[in-house]
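Please read the structure below before turning to the comments.
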Amino acid sequence: MNVEELKSFLHEKVLLYNNPDFIDTDPIQIPHLFTQKEDIEIAGFLSATIAWGNRKMIINNAKKMMDLMGNSPYDFVMSHNEDHLESLESFVHRTFNGIDFATFIQSLKNIYTNHGGLESVFARYQGNNSLQQSISEFKKIFFEIAHQQRTQKHISDPLNGSAAKRINMFLRWMVRNDNAGVDLGIWKNISPSHLSCPLDVHSGNVARKLGLLNRKQNDAKALLELDTELRLLDPTDPVKYDFALFGLGVFEGF
């Protein structure tokens, strides 16, 4: 299909999947449980961090994270003590364990206390049309506190070649206001035009079949290639097509 046909095809799929029905099967439902900005972004960040593997397991374990924080994530982050951190020791999601969880809580407190919060960090380092530098700088700040080396693997760095799928998904949730009630759009200091598609095996395979991506690995170079193509289709809201690529791959077996 030509460019206009492809754009029309993808737009139809965006309309099909970018609607509230999507929430029930996706980890984005976790930040939707909250109304306070800080609760939403912390719940979103932690849920996105463990968003790999079986989706039902991801959602169940993200709910467990919220339960362990008394379903008040911001208050837990800012007011926790050693006993509270010990209560997290039993948590495990694949290779993300209670040690990692406790470190994330301590780091989030540092970010809210000393760096103006999550939005402030990502907004401060954004480029002209990309947040990949922001993600890299965020990782440096995130691990400026004492931590075990093992925990660093749970935040990707695009400048080290990663597609950083989970952080790009979290940023889509926070920045993009889709007027459909799915993406939350609570961050106002970052333009949706700067977002990158959360590139994973599903969206990557569909993008290749549609001629949007040639590179075989799902890495930072592939993400740049895909972003470039999606920005040609819609320079103001390129990651809306994530709904189309993901839906075609997961729900339609495209």
Side-chain angles (χ1 to χ4, degrees), residues 1-30 32 44 47-60 62 94 130-132 156 158 161-173 175-185 192-254:
M1 60 183 93
N2 62 36
V3 173
E4 286 305 314
E5 289 170 337
L6 175 61
K7 187 173 180 177
S8 177
F9 173 71
L10 289 175
H11 183 66
E12 288 178 14
K13 297 301 179 181
V14 171
L15 294 178
L16 179 61
Y17 294 113
N18 189 183
N19 66 70
D21 291 339
F22 181 85
I23 296 172
D24 292 338
T25 62
D26 194 81
I28 200 174
Q29 67 183 260
I30 305 301
H32 271 286
S47 300
T49 295
I50 65 165
W52 84 100
N54 178 278
R55 295 175 85 210
K56 188 172 288 188
M57 182 173 71
I58 293 166
I59 292 165
N60 288 339
R94 303 189 69 156
S130 173
L131 294 173
Q132 301 314 290
S156 301
S162 172
K165 175 252 180 175
R166 286 170 283 164
I167 295 190
N168 281 314
M169 181 177 70
F170 164 68
L171 292 170
R172 194 201 84 204
W173 294 353
V175 173
R176 185 174 177 268
N177 186 349
D178 58 18
N179 297 313
V182 183
D183 288 331
L184 294 123
S193 65
H194 294 177
L195 294 170
S196 289
C197 184
L199 177 60
D200 64 9
V201 63
H202 303 292
S203 56
N205 287 344
V206 173
R208 290 180 187 93
K209 290 177 182 176
L210 292 173
L212 292 167
L213 180 59
N214 291 312
R215 186 169 173 81
K216 301 227 174 348
Q217 302 98 315
N218 292 325
D219 58 10
K221 290 181 180 178
L223 183 64
L224 177 60
E225 183 183 343
L226 179 59
D227 280 347
T228 301
E229 293 298 320
L230 296 183
R231 282 170 168 72
L232 291 175
L233 296 176
D234 189 337
T236 62
D237 188 19
V239 300
K240 72 181 182 185
Y241 297 113
D242 180 40
F243 286 94
L245 299 177
F246 184 81
L248 283 165
V250 172
F251 300 122
E252 299 187 34
F254 182 84

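Predicted model only: the values in this text are computed from it and were never measured.
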Are side-chain heavy atoms of [X] and [Y] found at a separation under 4.5 Å?
{"X": "L233", "Y": "V3", "value": "yes"}
{"X": "E12", "Y": "L16", "value": "no"}
{"X": "Q132", "Y": "L224", "value": "no"}

Please report the shortest heavy-atom distance between [X] and [Y], naming the atom on each side.
{"X": "E229", "Y": "L212", "result": "CG-O, 3.4 Å"}
{"X": "C197", "Y": "L230", "result": "CB-CD1, 3.9 Å"}
{"X": "P158", "Y": "A220", "result": "O-CB, 3.5 Å"}

For [Y], is there any backbone N or O sitting under 3.5 Å from a side-chain donor or acceptor partner on [X]?
{"X": "R172", "Y": "N168", "result": "no"}
{"X": "S8", "Y": "E4", "result": "no"}
{"X": "K209", "Y": "F254", "result": "yes"}
{"X": "D183", "Y": "G185", "result": "no"}
{"X": "R166", "Y": "A48", "result": "no"}

Original post:
What pairs with F9 under ring-ring contact (aromatic ring centres under 6.0 Å, His included), at least two apart in sequence or on another chain?
Top reply: none
Original post:
F170: what forms a ring-ring contact (aromatic ring centres under 6.0 Å, His included) with it, not counting sequence neighbours?
Top reply: F45, W187
Original post:
Within a reach of under 6.0 Å around NE2 of H32, are more than 12 heavy atoms found that belong to other residues, nucleotides or ligands?
Top reply: yes
Original post:
Ring centroid separation for Y17 and F246, is it under 6.0 angstrom?
Top reply: no
Subject >> Ion pair check, D237 and R176, cut-off under 4.0 Å >> reply: yes
